[in-house]
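Inspection log for the structure reproduced underneath, given as structure tokens.
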Amino acid sequence: MQSSMNALKFTVYALVELLLFILLWQLLSAQTWFPAYLSSPSSVFGQIKEMIVTMEIFPHIGISLYRTLISFLLVVIIGTGLGILAGYFKVIGNFFDPLISFFNPIPKIALLPVFLVWFGVSDTTRVLIIFTTAFFPCFIATIDGVRSISRLHFWSAENMGANQFQILRRVVLPAALPKIFDGWRVALALCFVMMFSSEMIGTTTGTGLGFLILNADSYGRTDIVLAAVFVIAALGFIFDRLLIGIRSRALWWNSQGEGN
């Protein structure tokens, strides 16, 4: 009940803030000193409505969501799985620690030319560049979550006769879930951010919201640019709230799992 109330309050606050921002934007756009190339909210939302009516926006949304969510799913499976193993087994953790310290600071977009040589202009390249960017926050958060578990939990489970698999499933995973979900939220946001960068590849005949933005920018259509940016923001917001809703249900026993 409390979680539902928190979620409702957040939704109300978010809508009020968004409406105030749009109102301020509309008022500023009516001023003569406001740059003419910065389209007003009325023109931007009018463009969104037109693209919905003509169905033009949906192929772009579909392919962008496909690339984003496939990448996020890979991050969740691989990043979380490896993070649990590296956090629980010291040998595996010692192997990954220097690699993470070395590769994490590298701007992942710098790897784009390498992926292009290996896989060409393809969705494989786009998914890989998104995955490599979002992998590290998920992996590091999972390791921290596992390593922060009190040794008393492990000793208690061992004294009750639990084997390694049972300890991982019944002790490690539940105790590390709050940190894991934090890593997933950061990774999900990065997937949406890098989705745009990845769609800069092959923009002459591409599909996706990133392609739509760059193509519109080449024609000076800032109304379409801002419309696509708003759609990306809306999709990111929706999926972030879905993830928080899942966290609230999964962590019903933990106060950190309550809706924001």
Side-chain angles (χ1 to χ4, degrees), residues 11 14-15 18 21-22 25 37-78 108-109 111-135 138 184-246:
T11 302
L15 288 174
L18 180 61
F21 172 76
I22 293 173
W25 180 9
Y37 59 83
L38 292 180
S39 304
S40 66
S42 56
S43 61
V44 171
F45 289 113
Q47 186 60 49
I48 293 175
K49 179 182 178 182
E50 179 181 337
M51 289 191 292
I52 291 175
V53 171
T54 61
M55 309 289 284
E56 176 189 352
I57 192 70
F58 294 110
H60 295 293
I61 291 176
I63 193 64
S64 290
L65 278 181
Y66 166 77
R67 293 162 181 159
T68 302
L69 297 180
I70 285 293
S71 303
F72 179 65
L73 182 61
L74 290 173
V75 167
V76 168
I77 294 172
I78 299 174
K108 308 310 178 291
I109 197 67
L111 300 175
L112 184 55
V114 178
F115 292 150
L116 282 172
V117 171
W118 287 349
F119 304 104
V121 180
S122 64
D123 276 349
T124 300
T125 298
R126 296 183 177 97
V127 168
L128 278 174
I129 200 67
I130 299 171
F131 169 81
T132 53
T133 302
F135 168 82
C138 176
W184 287 355
R185 284 193 72 190
V186 176
L188 179 63
L190 286 174
C191 284
F192 276 97
V193 170
M194 289 305 298
M195 173 267 291
F196 168 76
S197 299
S198 72
E199 290 177 348
M200 293 171 65
I201 308 167
T203 55
T204 53
T205 57
T207 307
L209 293 169
F211 160 76
L212 182 63
I213 290 172
L214 291 177
N215 190 48
D217 181 61
S218 66
Y219 290 99
R221 292 294 305 273
T222 56
D223 55 338
I224 298 179
V225 170
L226 293 175
V229 169
F230 181 86
V231 170
I232 293 174
L235 291 173
F237 177 83
I238 290 169
F239 280 94
D240 180 65
R241 300 319 297 178
L242 285 174
L243 186 58
I244 288 176
I246 295 172

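Here the structure is a predicted model, which is why all the values come from computation and not from measurement.
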First locate atom OG1 of T133, then atom CD1 of I109, and finally report the distance between them rounded to the nearest 0.5 Å.
-> 7.0 Å
For F230, the ring-ring contact (aromatic ring centres under 6.0 Å, His included) test, sequence neighbours excluded, returns F45
Side chain to side chain donor-acceptor pair (under 3.5 Å) filter on S122, not counting sequence neighbours, yields none
To the nearest 0.5 Å, what is the distance between CG (L242) and CG (L188)?
-> 9.5 Å
CA sep, side-chain torsions, deciding dist, call: F211, I63, side-chain contact (heavy atoms from CB on, under 4.5 Å) = CA-CA 11 Å; F211 160 76; I63 193 64; over 6 Å; no
State which residues pass ring-ring contact (aromatic ring centres under 6.0 Å, His included) with F135; sequence neighbours excluded, sorted by chain then number.
-> F131, F139
side-chain hydrogen bond (donor to acceptor under 3.5 Å, both in side chains) pairs, two or more places apart, involving residues 225-240 | R185-D240
Can you name the residues that form a side chain to side chain contact (heavy atoms under 4.5 Å, CB included) with V186, not counting sequence neighbours?
-> P137, L190
Hits for side chain to side chain contact (heavy atoms under 4.5 Å, CB included) against L73, two or more places apart or cross-chain, chain-then-number order -> I77
Quick one: are V225 and L212 in side-chain contact, heavy atoms under 4.5 Å?
-> no
Which residues satisfy the side chain to side chain contact (heavy atoms under 4.5 Å, CB included) test with I246, sequence neighbours excluded?
-> F181
Output yes when a side-chain donor or acceptor of S64 lies under 3.5 Å from a complementary backbone atom of I61, and no otherwise.
-> no
CD1 of I70 to SG of C191: how many Å apart, nearest 0.5 Å?
-> 11.0 Å
Check whether any side-chain N or O of H60 sits under 3.5 Å from a backbone N or O of L209 as a donor-acceptor pair, and report yes or no.
-> no
Does a side-chain heavy-atom distance below 4.5 Å link T124 with W118?
-> no
Could you pull out every donor-acceptor pair under 3.5 Å between side chains of residues 47-59 and any protein atom, sequence neighbours left out?
| residue | atom | partner | partner atom | Å |
| --- | --- | --- | --- | --- |
| Q47 | OE1 | R221 | NH2 | 3.2 |
| T54 | OG1 | E50 | O | 2.9 |
| T54 | OG1 | M51 | O | 3.4 |

How many angstroms lie between CZ in F196 and CD1 in I213, if you round to the nearest 0.5 Å?
-> 5.0 Å
Is it the case that more than 12 heavy atoms not belonging to F21 sit under 6.0 Å from its CZ atom?
-> no
Sequence neighbours left out, what pairs pass salt bridge (charged side-chain N to carboxylate O under 4.0 Å, His left out) with at least one residue falling in residues 58-70?
-> R67-D123, R67-E199
Measuring from F119:CZ to I129:CD1, what's the distance to the nearest 0.5 Å?
-> 11.0 Å
Check: S71 side chain, I130 main-chain N or O, donor-acceptor pair, under 3.5 Å = no
Looking at side-chain heavy atoms only, is the closest gap between T132 and F115 below 4.5 Å?
-> yes
State whether the side chain of T125 and the backbone N or O of V121 hold a donor-acceptor pair below 3.5 Å, judged by distance alone.
-> no
Should the ring pair W184 and F72 be called parallel, tilted or perpendicular, given that the plane angle runs from 0 to 90° and is split at 30 and 60?
-> perpendicular
When rounded to the nearest 0.5 Å, the distance separating CG of L128 from CE of M194 is 11.5 Å
